[in-house]
K.L.:
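One structure, as structure tokens, below. Some questions next.
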Protein chains: 2
Amino acid sequence: MKRSLADKIEQYLKVLIDRSEENRIEIQRSELAETFSCVPSQVTYVISTRFTEQDGYITESRRGGKGYVRIARYNLPHDTENLNDLFYYSNYLTRNKLISSQENELLTYLLLHAFNQFPCETQEKIFEGIKTALNEYVKTESKGG
Amino acid sequence: MKRSLADKIEQYLKVLIDRSEENRIEIQRSELAETFSCVPSQVTYVISTRFTEQDGYITESRRGGKGYVRIARYNLPHDTENLNDLFYYSNYLTRNKLISSQENELLTYLLLHAFNQFPCETQEKIFEGIKTALNEYVKTESKGG
DNA sequence: CATCCTTTGACTTTGTTTGACTTTCATTTC
DNA sequence: GAAATGAAAGTCAAACAAAGTCAAAGGATG
């Protein structure tokens with residue numbers, strides 16, 4: 001099996017993602033092109049044919065000075081600090097009857113399903129926002145009734 | 001993550017705002033430019049591209065001696081289609097006993113409070129994600145028990 | 001040899017940095 | 001108090017830096 005340049009670049013990127021902390025990498029198209037001694041649009045080709053949403057990847061990019069291409073793999077279960085914090089917190093609130101187990105269930109479901117489309121960074125912020133709001137919610141509830 | 005000078009200045013300002021009491025800061029353009037060893041118009045560029053009203057910021061400034069630039073972050077009033085949809089949908093589910101009124105209450109609270117920090121566009125996406133997930137949640141619930 | 005995938009490069013678009021020039025305002029000077 | 005001065009901030013366009021697009025050419029594969 002002969003491997004094309006595109007295959008090699010694909011492999012290279014996937015290894016990088018495997019090794020990354022958050023299943024996401026950030027590269028510079030022109031830099032990578034230089035590494036593989038090819039034209040930059042070759043990289044674009046690889047990304048657009050092998051890192052599609054279908055394949056379980058989300059890509060973002062920015063042009064201009066200090067531009068980049070980000071590739072995130074999202075199929076794997078997200079296992080972020082903030083999310084675990086939130087599960088823990090939500091369960092804690094439930095045990096202490098500050099929220100009902102139904103509320104806990106809904107929240108858990110949403111956390112697992114509603115935000116997968118976003119890049120990790122955004123997810124973190126979302127979870128943070130929810131945590132803060134949840135905290136306020138509990139305080140308000142127990143005060144008001 | 002490669003960050004351009006503009007990114008760094010943006011970050012710097014946002015940290016300052018975070019640390020501020022009233023979500024507002026007052027800087028001197030030329031001073032900041034000096035801090036980052038760049039031309040003053042770079043600061044103008046950053047402010048005009050990253051602290052727009054869309055992004056949830058209001059800026060004021062004054063020229064001449066004792067000049068300043070003020071940046072204030074405000075909570076975006078979310079009054080989007082999707083949000084209203086979601087309220088409607090959530091209430092509908094409640095009336096039809098597909099979710100409890102407690103769940104409805106929690107959801108409503110989160111929708112109103114957890115995502116104000118995000119730009120409108122992101123909020124829209126968040127609401128969309130929540131709506132989809134909520135829909136699945138209800139289906140799953142009624143199926144499973 | 002026909003089709004599909006890959007490679008290449010010219011051109012476009014987007015985003016950043018810089019600097020020359022303009023406007024506005026407070027302060028000083030007459 | 002009006003005019004001059006200087007200290008800010010604003011404007012705008014050019015130069016630069018990166019990624020995207022697209023189509024043509026080149027190869028592999030059936």
Side-chain angles (χ1 to χ4, degrees), chain A residues 1-17 20 24-55 57-73 119 121-122, chain B residues 1-17 24-73 119 121-122:
Chain A
M1 174 189 154
K2 193 174 177 211
R3 279 159 88 237
S4 65
L5 177 53
D7 291 336
K8 286 177 199 155
I9 294 175
E10 176 193 4
Q11 210 51 41
Y12 178 82
L13 289 174
K14 287 187 171 166
V15 169
L16 283 191
I17 295 173
S20 73
R24 56 206 297 287
I25 57 173
E26 192 174 298
I27 56 154
Q28 283 199 269
R29 189 181 78 146
S30 49
E31 202 181 80
L32 187 57
E34 190 131 349
T35 305
F36 283 90
S37 309
C38 64
V39 294
S41 56
Q42 177 74 267
V43 175
T44 305
Y45 172 71
V46 171
I47 289 170
S48 67
T49 55
R50 286 131 150 114
F51 293 86
T52 69
E53 212 154 327
Q54 287 281 329
D55 299 322
Y57 297 89
I58 286 177
T59 61
E60 299 171 276
S61 66
R62 197 171 70 182
R63 304 184 186 187
K66 297 280 175 12
Y68 56 74
V69 177
R70 267 187 217 141
I71 307 175
R73 183 166 51 201
E121 216 176 320
T122 309
Chain B
M1 176 182 163
K2 280 246 169 81
R3 277 153 92 227
S4 64
L5 177 53
D7 292 336
K8 287 177 199 154
I9 295 175
E10 175 193 4
Q11 208 52 41
Y12 178 83
L13 289 174
K14 287 188 171 166
V15 168
L16 284 192
I17 295 173
R24 56 207 298 290
I25 57 173
E26 191 174 301
I27 56 154
Q28 282 199 269
R29 189 181 79 145
S30 49
E31 199 182 83
L32 187 57
E34 188 128 353
T35 305
F36 283 89
S37 310
C38 64
V39 294
S41 55
Q42 178 75 266
V43 175
T44 306
Y45 172 72
V46 171
I47 289 170
S48 68
T49 56
R50 284 129 149 118
F51 294 85
T52 69
E53 209 153 331
Q54 280 285 324
D55 298 323
Y57 297 89
I58 287 177
T59 61
E60 299 170 274
S61 65
R62 196 171 69 184
R63 305 184 184 186
K66 301 276 167 39
Y68 58 77
V69 176
R70 266 187 219 140
I71 307 175
R73 182 168 50 201
E121 216 178 320
T122 308

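Just so we're on the same page: letters track the sequence lines, and every chain starts at 1. Keep in mind that what you see is a predicted model, and the values were worked out from it rather than measured.
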K.L.:
Can you give me the N/O atom pairs linking the protein to nucleotides 17-19 of chain C at distances under 3.5 Å, or say none if there are none?
P.N.:
{"residue": "dT17(C)", "atom": "OP1", "partner": "Leu5(B)", "partner atom": "N", "Å": "3.0"}
{"residue": "dT17(C)", "atom": "OP2", "partner": "Ala6(B)", "partner atom": "N", "Å": "2.9"}
{"residue": "dT17(C)", "atom": "OP2", "partner": "Gln42(B)", "partner atom": "OE1", "Å": "3.4"}
{"residue": "dT17(C)", "atom": "O5'", "partner": "Gln42(B)", "partner atom": "NE2", "Å": "3.4"}
{"residue": "dG19(C)", "atom": "N7", "partner": "Ser41(B)", "partner atom": "OG", "Å": "3.3"}
{"residue": "dG19(C)", "atom": "O6", "partner": "Ser41(B)", "partner atom": "OG", "Å": "2.8"}

K.L.:
In this structure, how many angstroms lie between the C1' atom of dA8(D) and the OH atom of Tyr68(B), rounded?
P.N.:
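Nearest whole value for this atom pair: 12 Å.
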
K.L.:
Whole-Å distance between dT13(C) C1' and Arg29(A) CZ?
P.N.:
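Whole-Å distance recorded here is 12 Å.
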
K.L.:
Please report the shortest heavy-atom distance between Gly67(B) and Gln28(B), naming the atom on each side.
P.N.:
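Taking Gly67(B) first and Gln28(B) second, the nearest heavy atoms are O-NE2, 3.2 Å.
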
K.L.:
Can you find a side chain N or O atom of Arg62(A) that sits less than 4.0 Å from OP1 or OP2 on dT16(C)?
P.N.:
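Yes.
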
K.L.:
For the pair made of NZ in Lys8(B) and P in dT16(C), what is the distance, rounded to whole Å?
P.N.:
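Distance check: Lys8(B) NZ to dT16(C) P gives 13 Å.
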
K.L.:
Whole angstrom is fine here: how far is it from CZ in Arg70(B) over to C1' in dG10(D)?
P.N.:
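After rounding, the reported distance stands at 17 Å.
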
K.L.:
Decide yes or no on side chain to side chain contact (heavy atoms under 4.5 Å, CB included) for Tyr57(A) and Ile47(A), but give the supporting numbers first.
P.N.:
CA-CA 10 Å; Tyr57(A) 297 89; Ile47(A) 289 170; over 6 Å; no

K.L.:
When you measure from the side chain of Arg50(B), which nucleotide among dT21(D), dT6(C), dT16(C) comes out closest?
P.N.:
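Looking only at heavy atoms from C-beta outward on Arg50(B), the closest nucleotide is dT16(C).
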
K.L.:
Where the side chain of Ser61(A) is concerned, which of dT11(D), dT24(C), dG20(D) is the nearest nucleotide?
P.N.:
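Nearest to the side-chain atoms of Ser61(A), counting from C-beta on, is dG20(D).
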
K.L.:
What nucleic acid atoms does Gly67(A) come within less than 4.0 Å of, heavy atoms only: base, sugar-phosphate, or nothing?
P.N.:
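Gly67(A): backbone/sugar contact only, no base atoms under 4.0 Å.
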
K.L.:
Less than 4.5 Å apart, any side-chain heavy atom of Val46(A) and any of Lys8(A)?
P.N.:
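No, too far: nothing below the 4.5 Å cut-off.
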
K.L.:
Dot-bracket for DNA chain D, please. Rules: Watson-Crick or G-U, both distances under 3.5 Å, ( ) within the strand, [ ] when a pair crosses earlier ones, | for another strand, . otherwise.
P.N.:
||||||||||||||||||||||||||||||

K.L.:
Rounded to whole angstroms, how far apart are CD1 on Ile71(B) and P on dA9(D)?
P.N.:
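Roughly 12 Å, once rounded to whole Å.
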
K.L.:
Mind calculating the distance between CD (Glu26(A)) and C1' (dA18(D)) to the nearest angstrom?
P.N.:
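Nearest whole value for this atom pair: 13 Å.
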
K.L.:
Closest to the Ser30(A) side chain: dT6(C), dA18(D), dG15(C)?
P.N.:
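Shortest atom-to-atom distance from the side chain points to dA18(D).
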
K.L.:
Heavy atoms under 4.0 Å, any strand shown: does Arg3(B) hit a base, just sugar-phosphate, or nothing?
P.N.:
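Counting heavy atoms under 4.0 Å across all strands, no contact is made by Arg3(B).
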
K.L.:
Is the positively charged end of Lys14(B) above the ring of Phe51(B), judged by distance under 6.0 angstrom from the centroid and angle within 45° of the axis?
P.N.:
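Output yes; distance and angle both within limits.
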
K.L.:
The test is salt bridge (charged side-chain N to carboxylate O under 4.0 Å, His left out); show your working for Asp55(A) and Arg73(A) and say whether it passes.
P.N.:
CA-CA 9 Å; Asp55(A) 299 322; Arg73(A) 183 166 51 201; over 6 Å; no

K.L.:
Could you go through the side chain to side chain contact (heavy atoms under 4.5 Å, CB included) check for Arg24(B) and Ile58(B) one step at a time?
P.N.:
CA-CA 9 Å; Arg24(B) 56 207 298 290; Ile58(B) 287 177; over 6 Å; no

K.L.:
Applying side chain to side chain contact (heavy atoms under 4.5 Å, CB included), run through Arg3(A) and Gln11(A) and close with a yes or a no.
P.N.:
CA-CA 10 Å; Arg3(A) 279 159 88 237; Gln11(A) 210 51 41; 3.3 Å; yes

K.L.:
Checking Tyr45(B) against Arg50(B) for the side chain to side chain contact (heavy atoms under 4.5 Å, CB included) test, could you report, in this order, the C-alpha distance in whole Å, the side-chain angles of both residues, the deciding distance, and whether it holds?
P.N.:
CA-CA 8 Å; Tyr45(B) 172 72; Arg50(B) 284 129 149 118; 4.1 Å; yes

K.L.:
Could you pull out all donor-acceptor pairs under 3.5 Å where a side-chain atom in residues 29-43 of chain B meets a protein atom, sequence neighbours excluded?
P.N.:
{"residue": "Arg29(B)", "atom": "NH1", "partner": "Thr44(B)", "partner atom": "OG1", "Å": "2.7"}
{"residue": "Thr35(B)", "atom": "OG1", "partner": "Glu31(B)", "partner atom": "O", "Å": "3.1"}

K.L.:
Measure CZ/Arg63(B) against C1'/dC25(C) and give the value in whole Å, please.
P.N.:
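Going from CZ in Arg63(B) over to C1' in dC25(C) covers 10 Å.
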
